[in-house]
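What you see is a predicted model; the values in this text were computed from it and never measured. The figures here come from the full heavy-atom set of this structure, side chains too, leaving out hydrogens, waters and symmetry mates.
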Amino acid sequence: MRGLLIGVFDPLRGWRLHPQVAIRPEPFGALLYHFGTRRLSFLKNRRMLTVVRTLADHPDARSACRAAGVADPDQGPYLHALGVLARSDMLVPQEVR
């Protein structure tokens with residue numbers, strides 16, 4: 001399911017990395033490479049890397065941010081970045097189990 005098909009990014013929904021996305025940690029954060037679309041994305045800090053790596057371990061994106069140490073009032077830029085990643089198919093919704 002493509003991120004563009006689901007509409008607006010919902011931070012109260014569960015998300016995970018697309019199975020075709022690889023993460024390469026870097027001093028500034030990380031590079032994400034999607035082998036299917038051949039797109040490259042940058043994570044600008046290590047905390048964002050932690051959020052992205054642990055998304056699948058949490059019931060929703062806000063919980064992943066909290067677990068990475070991002071307080072609710074500070075989540076705006078992180079949720080925006082997650083939305084951009086979802087729209088570019090780097091992230092996909094978690095399947096209902």
Side-chain angles (χ1 to χ4, degrees):
M1 176 182 253
R2 292 183 48 105
L4 290 172
L5 296 177
I6 60 156
V8 177
F9 173 76
D10 182 358
L12 300 178
R13 182 175 193 170
W15 295 87
R16 64 180 175 83
L17 274 176
H18 189 287
Q20 291 184 311
V21 172
I23 298 175
R24 184 171 121 187
E26 295 287 345
F28 58 82
L31 296 172
L32 300 181
Y33 181 75
H34 193 301
F35 286 93
T37 64
R38 299 174 62 176
R39 288 186 178 175
L40 183 66
S41 292
F42 298 89
L43 302 181
K44 294 182 180 180
N45 64 58
R46 300 294 238 163
R47 184 161 289 161
M48 186 66 194
L49 173 59
T50 300
V51 171
V52 169
R53 277 189 165 163
T54 63
L55 272 175
D57 299 333
H58 299 281
D60 57 68
R62 285 191 174 278
S63 297
C65 288
R66 282 185 208 110
V70 183
D72 287 4
D74 301 327
Q75 288 183 5
Y78 290 86
L79 297 176
H80 174 78
L82 291 173
V84 171
L85 292 173
R87 286 188 299 278
S88 65
D89 291 326
M90 295 289 182
L91 302 178
V92 293
Q94 291 184 18
E95 284 80 20
V96 179
R97 296 177 189 184

Determine whether Leu85 and Met48 make a side-chain contact, defined as any pair of heavy atoms from C-beta on separated by less than 4.5 Å.
yes
Would you confirm whether Arg24, through its side chain, and Leu32, through its main-chain N or O, come within 3.5 Å as a donor-acceptor pair?
no
Got a second to check how far Tyr78's OH is from Asn45's CG, nearest 0.5 Å?
4.0 Å
In the single-linkage hydrophobic clustering (I, L, V, M, F, W, Y; side-chain heavy atoms under 4.5 Å), do Ile23 and Tyr33 co-cluster?
no
Using a 3.5 Å distance criterion without hydrogens, assess whether the side chain of Trp15 forms a donor-acceptor pair with backbone atoms of Asp10.
yes
Within the 4.5 Å heavy-atom criterion, are Arg53 and Leu49 side-chain neighbours or not?
yes
To the nearest 0.5 angstrom, please state how far the SG atom of Cys65 sits from the CG atom of Leu82.
5.5 Å
Flag, side chain of His58 to backbone of Asp60, donor-acceptor distance under 3.5 Å:
no
Does the Gln94 side chain pair with the main chain of Leu55, one donor and one acceptor, at a distance under 3.5 Å?
yes
Between Asp72 and Arg62, is there a side-chain N and carboxylate O pair less than 4.0 Å apart?
no
Return the minimal non-hydrogen interatomic distance between Pro93 and Arg16, and the atom names on each side.
O-NE, 4.1 Å
Looking at Gln75 and Val70, what are the two nearest heavy atoms and their distance?
NE2-O, 3.3 Å
What closest approach, in Å, do Ser41 and Ser88 show between heavy atoms, and which atom pair accounts for it?
OG-OG, 4.4 Å
Does one hydrophobic cluster hold both Leu40 and Phe35, with members joined at side-chain heavy-atom distances below 4.5 Å?
yes
Closest approach of Arg47 to Gly69 (non-hydrogen atoms, all atoms of both residues)
NH1-O, 3.6 Å
Might you point out which heavy atoms bring Phe28 and Leu43 nearest each other, and give the distance in Å?
CD1-O, 3.4 Å
In terms of heavy-atom contacts, Leu31 and Glu26 come closest through CD1-OE2, 3.8 Å
Verify whether one side chain among Asp57 and Thr54 offers a donor that lies under 3.5 Å from an acceptor in the other.
no
Return the NE2 to CD distance between His34 and Gln20, rounded to the nearest 0.5 Å.
5.0 Å
